[in-house]
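Data first, discussion second: the structure below is written as structure tokens.
Atoms within each ligand, like the ligands themselves, are counted from 1 in listed order. These values consider heavy atoms only, across backbone and side chains, with no hydrogens, waters or symmetry-generated copies.
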Amino acid sequence: MSLLLGCIADDFTGATDLANNLVRAGMRVVQTIGVPTSPLPPDCNAVVVALKSRTIAPADAVKQSLDALAWLQAQQVEQVYFKYCSTFDSWYSGDVRGNIGPVTEALMDALSCPFTIATPAFPDNQRTVFKGHLFVGDVLLSDSGMKNHPLTPMRDANLVSVMQAQCQRRVGLIDFKTVALGATAVTSRIAELQAQGVSIAVVDALSNDDLYKLGPALKDMRLLTAGSGVAIALPANWGLQPSAASAQLPPAMGLKAIVSGSCSLATQGQVAHFLQHHPAQAWQLDPLKWSGNTPVAELAAPVLQWAEKQLSHGPVLVYSTADAEQVKAVQAQLGQAQAGERMEQVLAHIAQGLVRLGVGQLVVAGGETSGACVQALQVTQMHIGAQIDPGVPWCHAHSPSAAASGLHLTLKSGNFGTPDFFTKAFERLHGPVL
Ligand code: ADP
């Protein structure tokens, strides 16, 4: 099987979200943590290279993205997809207007690509674009919670102007009326925009139907830039259809565990649900009881001793998940950055310890927590399997800490998943694959 689509994602859980959409639409996908240093499995036809470039300096984001592109070009991928957040998250600081524009233009230059699209639309996740304006649910991006985001505050919902502020090239719009007419109309509109000197177009999409109409018009575009939504319509351009085979992973083996460092509301509900049903199988970490210089291994040791006994009774949950008030108290005692970093280190050490104890099916809750756990487990590539809940698939990876058969892993970003996610996830691993 040849590698058809090469993707560059600007963050880790965003990469998984994109990979998940591609698998659901019929592709065999591997996600790599950074630019791969070892060969990919031969049976995949798309790869998503996960970077952490969303909120770094634009020059660094460009360099990392070009390094990823060079590797993708060496694999002779047919199309390149630059994936960013469906809320178009752009880092603002002083003169810096965000990384999406600079990375897009650097990739266009490197690929000699005369025209590309920019659309974060992801209707399944209530992100729609109308007349170039991004809506989050029922409100404009600039009226959504994103206006107060600590790193990437989005105060303008007009993506044509947001993107134009980040680009040297001219930015235009392919509006919903054109998209509704289908691929031929979109292709004509692209020619019209190019004749006007426009090289990048924001594309409206209000529904998955719009994305499916847009898909065929993107077939020969060397570079696409988008959220994960556009991906649902791409595999069909290579004649691929949704199939259980694309999500097939090796059989799951080993003990089951959940490690949760997410304090998001959805995770709080999932922890509460697990505690209600399996109170004896859960261990809560209390950072207020930690003294400043206790080594991470010492903090993890009693948890792992407890887990060694409990794992034979069913899945165990180790969590630091807490509500906003508790988190505030911890941050007041340890400092905001230190509290987060220390907890991530402890949870990652525990995740590694659990895998060494024979855990072969691991759920991790929290974006940053997932990054720390994957790093501790030295995972560099993940085969993407079936979706548990929107945006959260099971994955299979190899790790020096795991058995030779590898490890099944799911990485849940904070606000994803239904309240029963922690129990449902293990049931899904043994259930139907799509
Ligand atoms: P989410 O995806 O929900 O945002 P993350 O893992 O990305 O979850 O972020 C949660 C952050 O909160 C991490 O840095 C984690 O270490 C930190 N954290 C977890 N539990 C606590 C706690 N009880 N007190 C303070 N910080 C915590």
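- Side-chain atoms of K412 and Q270 form a donor-acceptor pair, as typed in the model, at a separation below 3.5 Å.
- Considering backbone and side-chain N/O atoms, S264 comes within less than 3.5 Å of an N/O atom of ligand 1.
- The protein non-hydrogen atom at the shortest distance from atom 26 (N) of ligand 1 is V327 CG1, 4.2 Å.
- Between the side chains of S260 and T267, no donor-acceptor pair is found at a separation under 3.5 Å.
- Listed by number with element, the atoms of ligand 1 under 4.0 Å from a non-hydrogen atom of C263 are 3 (O), 19 (C), 20 (N), 21 (C).
- Residue M108 holds its CE atom at 13.0 Å from CZ of R222, rounded to the nearest 0.5 Å.
- With hydrogens left out, the protein atom closest to atom 16 (O) of ligand 1 is G340 O, 2.8 Å, a heavy atom.
- A salt bridge links R54 to D89: at least one charged side-chain nitrogen sits closer than 4.0 Å to a carboxylate oxygen.
- Within the listing of ligand 1, atoms 13 (C), 14 (O), 16 (O) sit less than 4.0 angstrom from a heavy atom of E344.
- Considering backbone and side-chain N/O of Q331, none are found under 3.5 Å from N/O of ligand 1.
- Under 4.0 Å from ligand 1, heavy atoms of T369 appear from its side chain as well as its backbone.
- For P287, no nitrogen or oxygen atom sits less than 3.5 Å from a nitrogen or oxygen atom of ligand 1, counting backbone and side chain alike.
- A donor-acceptor pair is defined here as one N or O able to donate and one able to accept, closer than 3.5 Å; such a pair exists between the side chain of Q31 and the backbone of T16.
- The shortest N/O to N/O separation between G414 and ligand 1 falls below 3.5 Å.
- Rounded to the nearest 0.5 Å, atoms CG (L214) and CD1 (I174) are 7.0 Å apart.
- Every atom of ligand 1 is numbered from 1 in the order shown, and the set under 4.0 Å from a heavy atom of V330 is 24 (N), 25 (C).
- Between S228 and D17, the side chains place a donor N or O and an acceptor N or O closer than 3.5 Å (distance only, hydrogens not considered).
- Distances from atom 19 (C) of ligand 1 to the heavy atoms of G261, S260, A372 show the closest one on G261.
- In terms of polar-atom proximity, defined here as any N/O pair under 3.5 Å, E368 does make such a contact with ligand 1.
- Between K328 and D323 no salt bridge is recorded (no basic side-chain N to carboxylate O distance below 4.0 Å).
- Between K424 and D389 there is a salt bridge, since at least one side-chain N of the basic residue sits less than 4.0 Å from a carboxylate O of the acidic one.
- At a 3.5 angstrom cut-off on N or O pairs, G367 counts as close to ligand 1.
- Listed by number with element, the atoms of ligand 1 under 4.0 Å from a non-hydrogen atom of A322 are 23 (N).
- In terms of protein heavy-atom proximity, atom 8 (O) of ligand 1 is closest to G366 CA, 3.3 Å.
- Checked by distance only, ligand 1 and S320 come closer than 3.5 Å through their nitrogen or oxygen atoms.
- Between K289 and D286 there is a salt bridge, with a side-chain nitrogen of the basic residue lying less than 4.0 Å from a carboxylate oxygen of the acidic one.
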